[in-house]
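So that the names make sense, note that chain A is the first sequence line, chain B the second, and so on, each numbered from 1.
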Amino acid sequence: MINITLPDKSIKSFENNPTGLDVAKSISEGFAQNCVAMEQDGTLVDLNRTITKDSRIKFITTRDKEALEILRHSAAHVMAEAVTFLYKDAKLTIGPVVKDGFYYDIDMEPVSEDDFPKIEAEIKKIIKAKKPFTRKEVSKSEALEFYKDEPYKLELISDLEDGTISFYTQGNFTDLCRGPHLPHTGLIKAIKLMKVSGAYWRADQTKAQLQRIYGTAFFNKKELNQYLHLLEEAKKRDHRKIGMALDLFSFHEEAAGMPFFHAKGMDIWNALLEYWRDEHKAAGYVETKTPIMLDRSLWEKSGHWENYRENMYTSVIDKTEYAIKPMNCPGGMLLYGIKPHSYKTLPVRAAEIGLVHRHELSGVLSGLFRVRAFHQDDAHIFMTPDQIENEILGVLKLVERIYKSFGLEFTLELSTRPEKSIGTDQQWERATNGLKGALDTYGKEYAINEGDGAFYGPKIDIHIQDALGRTWQCGTIQLDMALPERFDLSYIGKDNEKHRPIMIHRVIYGSVERFLGILIEHFAGKFPLWMAPTQAVLLPINDELLPAANEIKQMFEKAGLRVEVDGRTETLKKKVREAQINKIPLILTIGEKEKNSGTLSVRTLDGKVRFGIKHEEFLNTVLEHIRERKLDLEIFKD
RNA sequence: GCCGACGUAGCUCAGGUGGUAGAGCAGCUGAUUCGUAAUCAUCAGGCCAGCAGUUCGAGUCUGCUCGUCGGCUCCA
């Protein structure tokens with residue numbers, strides 16, 4: 001007699017040892033069909049495992065998050081079967097589940113995406129056959145014997161404990177695997193191979209080059225199509241494409257990884273920084289600027305020469321060695337050090353839009369997202385220990401204001417002391433508690449990454465979520481216990497003694513370049529009015545109206561708008577079309593009627609047209625919209 | 001840096017197996033003067049990323065360099 005306890009605390013009893021599937025079926029046939037695995041006393045196992053003792057069972061259905069991982073893991077096995085069937089010499093290595101699907105690293109002849117249809121056809125056959133996955137536990141010696149011709153598997157097995165090794169078989173294909181798996185291959189309703197790339201065995205360049213085949217799988221076609229649609233949407237929004245199309249920036253061979261900003265790109269840039277300065281001034285920051293090239297001795301003092309040398313550009317002039325700054329902090333330390341400080345004048349909040357250069361590996365460069373020269377919206381805050389909590393709280397509030405103003409949601413992560421670190425236990429405790437205290441007071445949920453902090457202090461990372469639901473780490477607040485020490489910074493306390501200030505580095509945009517790239521994709525190039533490079537374009541209906549359009553342009557420019565006139569002798573249709581494609585928020589048409597009545601017809605990017613808007617009304621509405629940095633594209637409401 | 005793919009007009013792309021380059025859009029010029037997503041015609045535009053090599057002959061084949069794109073963290 002076996003008693004099964006279900007999550008709702010109900011108990012089901014069975015005469016003979018049931019499988020998980022039997023239990024699921026006893027609930028209902030329909031329910032059983034949606035089950036992919038189960039948790040037996042908290043351990044994830046196969047649904048077709050026989051239950052031999054009283055257990056707590058929780059079923060994993062296709063709706064659970066774990067189910068997708070199991071599905072994709074099974075899909076990886078199916079792909080491996082297909083590949084080994086088609087390529088007899090292929091040697092399997094590992095095939096894990098990743099964020100958007102799965103991959104399998106295989107030692108085989110190079111394949112390309114052209115080979116996918118062939119492999120996918122084989123995969124479809126395997127799925128159609130509804131082959132059951134069966135688990136077999138084997139001894140280490142059995143496993144080694146089974147894989148005597150598979151060097152990678154032998155290496156994997158040799159790292160495993162005897163008694164913990166299991167094989168999974170579907171049809172004629174067996175793979176070393178911890179499991180669990182789907183009941184059978186037929187449950188993989190939607191699978192697609194995505195791409196191939198090279199990868200090294202154990203990510204080691206000295207080892208064999210493997211073929212990494214990426215795929216993804218879902219429980220139904222609809223979800224797969226949604227995922228593919230998202231990828232397409234992301235592709236359309238690619239900031240590199242939009243940046244080119246809207247004439248915002250470019251890259252040149254003469255300076256790989258270092259963006260050139262065009263006039264229109266600079267309009268956005270300036271709008272971003274103007275906003276940033278407004279917020280920082282209001283939050284009690286001062287703005288500073290330090291040189292981009294500093295003497296080697298400074299980098300030795302800061303520790304960068306020792307730890308960051310391979311990423312730094314250097315130059316020798318007059319026998320003196322300089323390094324171009326990869327970070328702003330050492331310069332910031334010098335600024336703090338130029339005069340004595342008192343506890344009365346702390347905290348010091350010194351911001352700097354610092355241009356930094358880092359020699360990133362050539363293969364990792366990617367548009368504005370990964371560059372070699374970029375601006376950090378840095379700030380160094382120097383404070384007394386009892387100011388930590390309040391200062392961090394202040395940064396968190398500023399972060400919230402700024403991200404919210406772009407319509408970006410965000411999440412927080414606290415990273416604590418890593419194994420390799422400097423400082424005393426007491427220092428770390430005080431610093432970490434300061435960050436925690438601020439986070440708790442702030443009140444938003446946060447995750448904790450134990451041991452993920454920098455060697456010089458704990459940190460809070462801020463992840464933003466864009467309009468497509470993708471996440472990016474931009475902001476970070478790092479407490480630094482090393483640099484004040486290395487630069488011997490101090491302040492005079494109430495006791496008239498010298499004390500070491502606490503220092504944090506923090507960025508909110510992170511890299512201005514990268515943040516701009518994220519915003520391009522977030523807004524799909526349709527920037528809110530206050531950021532848009534060209535805010536309004538005037539379209540005279542015929543050449544006679546061109547002088548009138550130019551007059552209005554001058555008036556609007558005086559009022560502070562970025563306005564253009566499209567004075568070409570083209571049809572209105574064409575000029576409207578191009579203005580729409582260029583994503584200009586306000587498309588203003590001027591014909592005889594408008595000229596005579598001092599009005600405009602206003603078309604916004606949503607395609608709506610409003611006629612007969614007086615110049616004054618237009619300016620009032622638009623200037624207010626800009627002043628308040630509103631996000632909606634529908635600028636005029638009915 | 002490593003692996004793979006790619007690099008042709010300002011942009012998007014065609015150019016089997018080698019025989020000194022083509023389209024659409026953009027641009028110029030002309031006609032059209034037009035009411036909310038493409039008016040018509042004409043013209044011009046290229047050291048085929050760069051450097052070597054094979055060849056009578058290279059956009060096409062080979063090697064190298066530069067650049068771009070996708071990977072290189074996810075451990076059966």
Side-chain angles (χ1 to χ4, degrees), chain A residues 69 72-73 76-77 80 92-105 110-114 138 143 147 150 152-160 164-168 174-179 181 194-214 235 238 240-241 244-245 247 250-257 310 359-367 370 537 539-546 568-582 587-594 600-605 607-611:
Chain A
E69 288 179 18
R72 289 171 174 177
H73 197 183
H77 277 231
L92 297 175
T93 70
I94 60 169
V97 172
V98 290
K99 193 165 142 261
D100 293 318
F102 60 89
Y103 68 77
Y104 217 118
D105 279 350
V111 287
S112 76
E113 294 189 14
D114 299 339
V138 295
Y147 275 126
E150 298 270 345
Y152 302 101
K153 293 291 182 187
L154 285 178
E155 196 178 322
L156 290 171
I157 292 163
S158 65
D159 291 342
L160 297 173
T164 66
I165 300 171
S166 56
F167 283 169
Y168 273 81
T174 296
D175 197 4
L176 173 71
C177 187
R178 178 169 40 206
H181 277 283
M194 302 302 291
K195 56 196 169 196
V196 277
S197 75
Y200 295 98
W201 172 232
R202 308 225 145 167
D204 183 343
Q205 287 182 21
T206 64
K207 301 213 165 112
Q209 170 85 32
L210 310 170
Q211 298 295 310
R212 174 168 297 182
I213 307 180
Y214 285 89
K235 219 175 181 177
D238 190 319
R240 292 167 297 201
K241 273 193 183 164
M244 166 85 84
D247 194 17
S250 55
F251 287 91
H252 302 268
E253 291 199 7
E254 290 81 353
E310 61 285 10
H359 188 264
E360 302 288 349
L361 292 176
S362 61
V364 305
L365 301 177
S366 175
R370 196 79 187 266
V537 61
L539 310 182
I541 243 160
N542 60 43
D543 292 353
E544 246 114 85
L545 292 155
L546 187 54
R568 295 174 305 165
T569 310
E570 291 289 351
T571 59
L572 184 65
K573 266 177 181 300
K574 179 148 180 169
K575 292 199 272 196
V576 166
R577 180 183 140 86
E578 288 187 14
Q580 285 272 156
I581 287 171
N582 288 324
I587 300 166
L588 312 174
T589 322
I590 167 154
E592 282 301 329
K593 261 181 268 170
E594 284 80 7
L600 291 165
S601 92
V602 180
R603 180 179 169 125
T604 40
L605 276 186
K608 283 191 187 152
V609 186
R610 290 175 174 79
F611 295 92

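Residue-level contact check: A/Leu361 touches the bases, meaning some heavy atom is under 4.0 Å from a base atom. A/Val97 comes within contact range of the sugar-phosphate backbone alone, with a heavy-atom separation under 4.0 Å but no base atom that close. Contacts of A/Phe611 with the nucleic acid, taken as non-hydrogen atoms under 4.0 Å apart, include base atoms. Across all strands, A/Leu160 comes closer than 4.0 Å to base atoms (heavy-atom distances). At a threshold of 4.0 angstrom between heavy atoms, the contacts of A/Ala256 are confined to the sugar-phosphate backbone, with no base atom among them.
For the pair A/Lys575 (side chain) and A/Arg568 (backbone), a donor-acceptor distance under 3.5 Å is present. Checking side-chain atoms of A/Asn542 against main-chain N and O of A/Leu545 turns up a donor-acceptor pair under 3.5 Å. Using a distance-only test at 3.5 Å, with no hydrogens or angles considered, no donor-acceptor pair links the side chain of A/Lys195 to the main chain of A/Ile213. Proximity of a side-chain donor or acceptor of A/Ser166 to a complementary backbone N or O of A/Cys177 within less than 3.5 Å is detected.
Nucleotide B/A23 has B/U12 as its partner under the Watson-Crick or G-U criteria, with both atom distances under 3.5 Å. Under the Watson-Crick or G-U wobble criterion, with both distances below 3.5 Å, B/A31 is paired with B/U39. B/C47 is unpaired under the Watson-Crick or G-U wobble criterion, no partner having all donor-acceptor distances under 3.5 Å. Shown here, B/G4 forms a base pair with B/C69; the pair counts as Watson-Crick or G-U wobble because both key distances fall under 3.5 Å.
Atom pair A/Leu546:CG and B/U33:P shows a separation of 17 Å (rounding to whole Å applied). Residue A/Asp175 contributes atom CG, which lies 16 Å from atom P of B/C75 at whole-angstrom precision. Rounded to whole Å, atom P of B/A26 lies 10 Å from atom CD1 of A/Ile581. If you take CZ of A/Phe251 and C1' of B/U68, they are 11 Å apart, rounded to a whole angstrom. We find that NZ of A/Lys241 is positioned 20 Å from P of B/G10, with the value rounded to whole Å. Going from atom CG of A/Asn542 over to atom C1' of B/C34 covers 8 Å, rounded to whole Å. When the P atom of B/C75 is taken as reference, atom CD of A/Glu155 falls 17 Å away, rounded to whole Å. Regarding A/Ile157, its CD1 atom lies at a distance of 13 Å from the P atom of B/A76, rounded to whole Å.
The side chain of A/Arg212 lies closest to B/C74 when the candidates are B/G35, B/C74, B/C66. Nearest nucleotide to the side chain of A/Arg577, out of B/A76, B/A26, B/A37: B/A37. Among the nucleotides B/G7, B/G1, B/G70, the one closest to any side-chain atom of A/Ser362 is B/G1. Here B/G35 is the nucleotide among B/G35, B/U39, B/C74 with the atom lying nearest to any side-chain atom of A/Glu594. Taking only side-chain atoms of A/Ser366, from C-beta outward, the nucleotide of B/G7, B/C75, B/G70 with the closest atom is B/G70. Among the nucleotides B/A26, B/G35, B/C74, the one closest to any side-chain atom of A/Glu592 is B/G35. Residue A/Val576 places its side chain closer to B/A37 than to any other of B/A76, B/C11, B/A37.
Distances shown here put a side-chain N or O of A/Arg178 below 4.0 Å from the OP1 or OP2 atom of B/A76. Regarding contacts with the backbone of B/A26, a side-chain N or O of A/Lys574 is found under 4.0 angstrom from either OP1 or OP2. The side chain of A/Lys573 contributes an N or O atom lying less than 4.0 Å from OP1 or OP2 of B/A38. Contact check, A/Tyr214 against B/C72: a side-chain N or O comes under 4.0 Å of OP1 or OP2.
Nearest-nucleotide positions on RNA chain B place A/His359 closer to the 5' end than the other of A/His359 and A/Thr569. Residues A/Arg568 and A/Arg202 each lie close to RNA chain B; by heavy-atom proximity, the contact nearer the 5' end of the strand is made by A/Arg568.
When the P atom is used for both B/G46 and B/A31, the distance is 27 Å, rounded to whole Å. One C1' atom belongs to B/G57, the other to B/C25, and the distance between them is 35 Å to the nearest Å. Taking the C1' atoms as reference points, B/G53 lies 11 Å from B/A58, given to the whole Å. Nucleotides B/G35 and B/C40 place their P atoms 16 Å apart, quoted to the nearest Å. Annotation: B/U60 and B/U17 have their C1' atoms spaced 10 Å apart (nearest Å).
Screening A/Leu176, A/Leu156, A/Leu92 for a side chain to side chain contact (heavy atoms under 4.5 Å, CB included) with A/Tyr147, the sole residue that qualifies is A/Leu176.
Closest approach of A/Tyr104 to A/Asp175, counting heavy atoms only: OH-OD2, 2.5 Å.
For A/Arg212 and A/Tyr103, the positive end sits near the middle of the six-membered ring, less than 6.0 Å away and at most 45° from its axis.
For A/Gln211 against B/G71, a side-chain-to-base donor-acceptor contact under 3.5 Å is absent.
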